[in-house]
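Numbers restart at 1 for each chain; the letters A, B, ... are given by sequence-line order, proteins then strands. Note that the structure is predicted; figures quoted are calculated from it, not measured. Side chains are part of it too, since the values below use all heavy atoms of this structure and drop only hydrogens, waters and symmetry mates.
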There are 2 protein chains.
Amino acid sequence: MRSTAEARRVTVLNTAVSVFARAGFHATPVTAVAAAAGISEAYVFRLFSGKLGLFVAAAGVCFDRIADAIEAGAERAEGDSPQEILDAMGGAYAELIADRDLLLFQVQAQAVTDIPEIAEAVRAGYRRVATFVQSRAGASDAQVQQFFAYGQLCHLIVTAGLEQVPEPWARALTAGIRHP
Amino acid sequence: MRSTAEARRVTVLNTAVSVFARAGFHATPVTAVAAAAGISEAYVFRLFSGKLGLFVAAAGVCFDRIADAIEAGAERAEGDSPQEILDAMGGAYAELIADRDLLLFQVQAQAVTDIPEIAEAVRAGYRRVATFVQSRAGASDAQVQQFFAYGQLCHLIVTAGLEQVPEPWARALTAGIRHP
DNA sequence: CATGTTTGTAAGTGTGCACTCACAAACAAT
DNA sequence: ATTGTTTGTGAGTGCACACTTACAAACATG
């Protein structure tokens, strides 16, 4: 035995997040995940219950990583006001998604929410993040809503590549967004 | 000849927006679009240069419809202040995407921006809408940015089905969003 | 070392789908 | 009528990919 199945699952899930992030659920063959993880396709199917199970599990680690980063960011807040804590969380999130994998995976997951299991995984992820943001920052509903609205704006900016567009309308949309 | 090719193209594109909106680019076979439009798959391939050409053209009509709706909404604004005009535009947009097709198509398009032609179509669409919003409303960069941030929040609300979630975090995210 | 369990794979199988081609019918022009 | 053009389809073709099975090697336990 080279490795335990549980350890394999972890490495496969991490690579799955990266690989699915590029082309999405339907356009990513399981072979691609297996190759990136350095194991055979057949073994991926033994470790997970089909492609869907793999994707749902990857969504879990994606939102876990986001929640952890936001939690750590909140600890580094300078003051105690809700807005200061939200800003610290936003900064931590911006840093986290600099590599784009986690952001793109969220976009891909939201695009395949016609599959009920994935819709539920997305809801579970946002439930976890949103409840934490609200309780930890002590922010109002409106502040939390704004926090996520501008988070979603980042998805547009990155997927459409608006940082690369020098035109005024694109500059307006990207203004003040932390180095995406 | 039953119909002209150009008329066929129009009807095919309208059904294509609806059909692609459900399952996205990769999960939607051209057969599904052809069947929904009531013609053969082979003829769809003659009318458009492949599945990608069809999708890009559908993106064009999607953003056309959005731009038209926002333009019409601006006409119905009560006052002349940027915020009043933006609100009127937002209301018109909310009405337009009540059927979800246009909203879901945007989400699907953003998910396949790794295909350059689609990325360019998305940029072109937002370029048209954003420049119009800014010039017509006379709004500041920050106002335009906020307009689109909350628009993107609608994408999350609809794809994750948050209107159906009674929990507080979901109510916070959906608060004040016009009947999605 | 014999037997059982877990890790791992090579080689299929069946299906769905993008795209093509040969061909037909409706219409137009002379 | 004849010829040409446009609209339309049925019947393929070839390939990619989700998932399975049979089998092998590493390790554990008595």
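For the pair A/T159 and B/V122, the minimum side-chain heavy-atom distance is 4.5 Å or more.
Screening residues 80-103 of chain B for salt bridge (charged side-chain N to carboxylate O under 4.0 Å, His left out) gives B/R22-B/D101 as the qualifying pairs, with residues at least two apart or on separate chains. Note on residues 40-69 of chain B: pairs passing salt bridge (charged side-chain N to carboxylate O under 4.0 Å, His left out), not counting sequence neighbours, are B/D64-B/R128, B/D68-B/R128.
Here C/dC17 presents its P atom at 17 Å from CZ of B/F55, a figure rounded to the nearest Å. Computed from coordinates, the B/L52 CG to C/dC17 C1' distance equals 16 Å when rounded to whole Å. Distance B/F45 CZ to D/dG10 P: 15 Å, rounded to the nearest Å. For the pair B/E6 CD and D/dT6 C1', the interatomic distance rounds to 14 Å; values are reported in whole Å. Between the CZ atom of B/F48 and the P atom of C/dC19 there is a distance of 14 Å, given to the nearest Å. Rounded to a whole Å, the NE2 atom of A/H26 is 19 Å from the P atom of D/dA16. Protein atom CG of B/L54 is 15 Å distant from nucleotide atom P of C/dC17, rounded to whole Å.
Using a 4.5 Å cut-off between side-chain heavy atoms of Ile, Leu, Val, Met, Phe, Trp and Tyr, with links allowed through other members, B/V17 and B/V10 fall into different hydrophobic clusters.
Contacts with DNA chain D (heavy atom under 4.0 Å) in residues 11-20 of chain B: none are found. For the segment residues 27-42 of chain A, residues with any heavy atom less than 4.0 angstrom from an atom of DNA chain C are, sorted by number, A/I39, A/S40, A/A42.
Remark: B/E75 pairs with B/R136 by the salt bridge (charged side-chain N to carboxylate O under 4.0 Å, His left out) rule, at least two apart or across chains. Every residue meeting the salt bridge (charged side-chain N to carboxylate O under 4.0 Å, His left out) condition with A/E167, not counting sequence neighbours, appears here in chain and number order: B/R127.
Considering CD of B/Q134 and CG of B/D141, their distance stands at 5.0 Å, rounded to 0.5 Å.
The side chain to side chain contact (heavy atoms under 4.5 Å, CB included) test with B/C62 is passed by exactly one of B/L104, B/L103, B/N14, B/L102: B/L102.
Residues A/L86 and A/F147 approach most closely at O-CE1, 3.6 Å, considering heavy atoms.
Comparing D/dA18, D/dT7, C/dT7 by their closest approach to the side chain of A/K51 singles out D/dA18. The side chain of B/R46 lies closest to C/dC23 when the candidates are C/dA18, C/dC23, D/dA22.
Within the 4.0 Å cut-off from OP1 or OP2 of D/dG8, at least one side-chain nitrogen or oxygen of B/R8 is found.
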